[in-house]
Colleague: 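The structure that follows is given in the form of structure tokens.
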Amino acid sequence: MPAISASAPGKIILFGEHAVVYGRPAIAVPVQHVQAKAIISAEPHAPQGRVRIQAAQIGLDAFLDDLPAEHPLAMAVRGTLADLDISRSPACTIRITSTIPIAAGMGSGAAVSVALLRAFSTFLGHPLSNERIAALAYEVEKIYHGTPSGIDNTVITYTMPVYFVRGQPIETFRVRAPFTIVIGDTGISSPTAIAVGDVRRAWQEQPARYDSLFDAIGAIARRARSLIEGGQPEALGALMEENQALLVDIGVSCPELDRLLEAAKAAGALGAKLSGGGRGGNMIALVQPGSAAQVVGALELAGAVRTLVTEVRP
Ligand code: PMV
């Protein structure tokens, strides 16, 4: 039996992170240049039920039975078996690779889960629907995030731009005119669960203040959607600036992010903001296609450890 593989992309949040955890809308798009991949090979000579999981990037080489219940990869494998009502898997080796930076706000955890759920269910002869994959990946996200909104697993499963409201059916929307985004990585690893937990504590201490910040962010996401649908993406730059100012007020930016944002704007970006959990990880900048190289150069000079240029297309 040939090996079975599946991939899933990274993602960026264009507008609405953090507020989306509290029911406000957010917009996210897939980033296909970076991918997580799961490759599954049958092991016909090994005893039934023996599942070996290898993820060299995180130094993992273990048998499923030896992994704790809350291990994200084990959870995805066991979740697939439970969903399909299969008690023992055929023996196999699962290899996970990823080019998505870890803990950088690009959805690496969700992408690994989605690739694994898709490949493993196909290996078992019952490919899961996108709806089930998104739901199972959401369960795994809870380990990484604590109280995830569900935006990462949704945009990564469906691999299309989404307008996401927690607990509501997936809504995609029309991108009328393409636009170019430069992504810059601060190189600072920032687990989303910590930033999300800090914001929750701050919201509990000052609910009225935080609710109005979240409302303002939600309003920006709604305006952004109409600009994208209306074919005026260049106007998104100003909205990015407004969204970033609110993220600073919420307390999730940091000096390294601020430095990259300033560098991008000085090099001609139309607007820039952090993307994802913040406190490190990635920032994004809206650029005219012709100035992408200049912005990339400026970000590198300002300390970005990685840059990517991505186009959001109809
Ligand atoms: O995985 P990240 O770092 O892109 O963060 C997800 C965005 C948050 O709104 C901060 C959290 C969430 O669950 O939506």
Side-chain angles (χ1 to χ4, degrees), residues 9-17 26-35 98-108 155 161 175-190 217 220-221 223-248 252-314:
K11 70 100 211 345
I12 47 173
I13 296 181
L14 292 182
F15 295 97
E17 49 274 272
I27 294 177
V29 296
V31 178
Q32 305 269 13
H33 310 271
V34 286
Q35 296 270 335
S98 175
T99 56
I100 308 172
I102 294 172
M106 288 195 72
S108 66
V155 64
V175 177
R176 191 183 285 261
F179 53 98
T180 306
I181 299 282
V182 176
I183 307 171
D185 189 347
T186 58
I188 298 172
S189 154
S190 171
I217 292 176
I220 290 173
R223 270 154 59 207
R225 177 182 175 163
S226 17
L227 290 172
I228 297 170
E229 287 180 322
Q232 298 166 273
E234 59 294 333
L236 294 174
L239 288 187
M240 282 187 172
E241 292 300 301
E242 275 183 51
N243 195 159
Q244 174 62 21
L246 292 159
L247 287 163
V248 169
V252 293
S253 201
C254 67
E256 293 80 0
L257 276 167
D258 296 343
R259 191 161 66 232
L260 295 190
L261 299 175
E262 286 314 315
K265 282 180 281 173
L270 304 172
K273 62 182 275 295
L274 68 82
S275 179
R279 302 268 176 81
N282 282 288
M283 49 69 69
I284 56 175
L286 177 73
V287 300
Q288 303 283 12
S291 65
Q294 204 174 318
V295 172
V296 163
L299 287 172
E300 284 167 356
L301 277 178
V305 297
R306 199 182 296 103
T307 54
L308 269 176
V309 182
T310 188
E311 198 181 60
V312 182
R313 278 190 226 102

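What you see below is based on every heavy atom in this structure, not just the backbone, and it leaves out hydrogens, waters and symmetry mates. Sequential numbering from 1 along the given sequence is applied to the chain's residues.
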Colleague: With a 4.5 Å limit on heavy-atom distance, are the side chains of Val305 and Thr186 in contact?
Modeller: no
Colleague: Does the Thr99 side chain pair with the main chain of Gln35, one donor and one acceptor, at a distance under 3.5 Å?
Modeller: yes
Colleague: Write down the atom of Leu257, the atom of Gly281, and the distance for their closest heavy-atom approach.
Modeller: CD2-O, 4.2 Å
Colleague: Which atom names give the shortest non-hydrogen contact between Val309 and Ala292, and what distance separates them?
Modeller: CG1-CB, 4.1 Å
Colleague: I would like to know whether Gln288 and Leu270 meet side-chain contact (heavy atoms from CB on, under 4.5 Å); could you show each step before the answer?
Modeller: CA-CA 8 Å; Gln288 303 283 12; Leu270 304 172; 4.0 Å; yes
Colleague: Please report the C-alpha distance between His33 and Ile183 in whole Å, then the side-chain angles of each, then the deciding distance to 0.1 Å, and finally whether the side-chain contact (heavy atoms from CB on, under 4.5 Å) criterion is met.
Modeller: CA-CA 11 Å; His33 310 271; Ile183 307 171; over 6 Å; no
Colleague: Spell out, as yes or no, whether a donor-acceptor pair under 3.5 Å connects the side chain of Glu241 to the backbone of Ala272.
Modeller: yes
Colleague: Identify the heavy atoms of Asn243 and Ile220 that sit nearest to each other, and give their distance.
Modeller: N-CD1, 3.6 Å
Colleague: With side chains defined as the heavy atoms from C-beta onward, is the minimum distance between Gln244 and Leu274 less than 4.5 Å?
Modeller: yes
Colleague: Are any of the side-chain heavy atoms of Glu234 and Gln232 separated by less than 4.5 Å?
Modeller: yes
Colleague: Less than 4.5 Å apart, any side-chain heavy atom of Ser108 and any of Pro101?
Modeller: no
Colleague: Hey, does Val31 have a side-chain heavy atom less than 4.5 Å from the side chain of Pro9?
Modeller: no
Colleague: Hey, is the main chain of Glu229 close enough, under 3.5 Å, to the side chain of Arg176 for a donor-acceptor pair?
Modeller: yes
Colleague: Minimum heavy-atom separation for Phe15 to Met240, with atom names?
Modeller: CE2-N, 3.6 Å
Colleague: Which pair of heavy atoms, one from Gly184 and one from Leu299, lies closest together, and at what distance?
Modeller: CA-CD1, 4.2 Å
Colleague: Under the criterion side-chain contact (heavy atoms from CB on, under 4.5 Å), I'd like the reasoning laid out for Met106 against Leu308: C-alpha separation, chi angles, the key distance, then a yes or no.
Modeller: CA-CA 12 Å; Met106 288 195 72; Leu308 269 176; 4.1 Å; yes
Colleague: Going by heavy atoms in the side chains, are Ser253 and Val248 under 4.5 Å from each other?
Modeller: yes
Colleague: When rounded to the nearest 0.5 angstrom, what is the spacing between CD1 in Ile284 and CG in Leu261?
Modeller: 9.5 Å
Colleague: How far apart are the C-alpha atoms of Thr180 and Thr310, what are their side-chain angles, what is the distance that settles it, and do they pass the side-chain contact (heavy atoms from CB on, under 4.5 Å) test?
Modeller: CA-CA 6 Å; Thr180 306; Thr310 188; over 6 Å; no
Colleague: Hey, does the side chain of Lys273 reach the backbone of Leu14 with a donor-acceptor pair shorter than 3.5 angstrom?
Modeller: yes
Colleague: Salt bridge (Lys or Arg N to Asp or Glu O under 4.0 Å) between Lys265 and Glu262: does it pass, once the steps are laid out?
Modeller: CA-CA 5 Å; Lys265 282 180 281 173; Glu262 286 314 315; 3.4 Å; yes
Colleague: From Glu17 CD over to Leu246 CG, what is the distance, rounded to the nearest 0.5 angstrom?
Modeller: 11.0 Å
Colleague: Can you see which heavy atom on Ile27 is nearest to which on Ala221, and at what distance?
Modeller: CD1-O, 3.4 Å
Colleague: What's the spacing between Ile181 CD1 and Met283 CE if we round to 0.5 Å?
Modeller: 9.5 Å
Colleague: Could you give the distance from CD1 (Ile228) to CG (Leu236), rounded to the nearest 0.5 Å?
Modeller: 5.0 Å
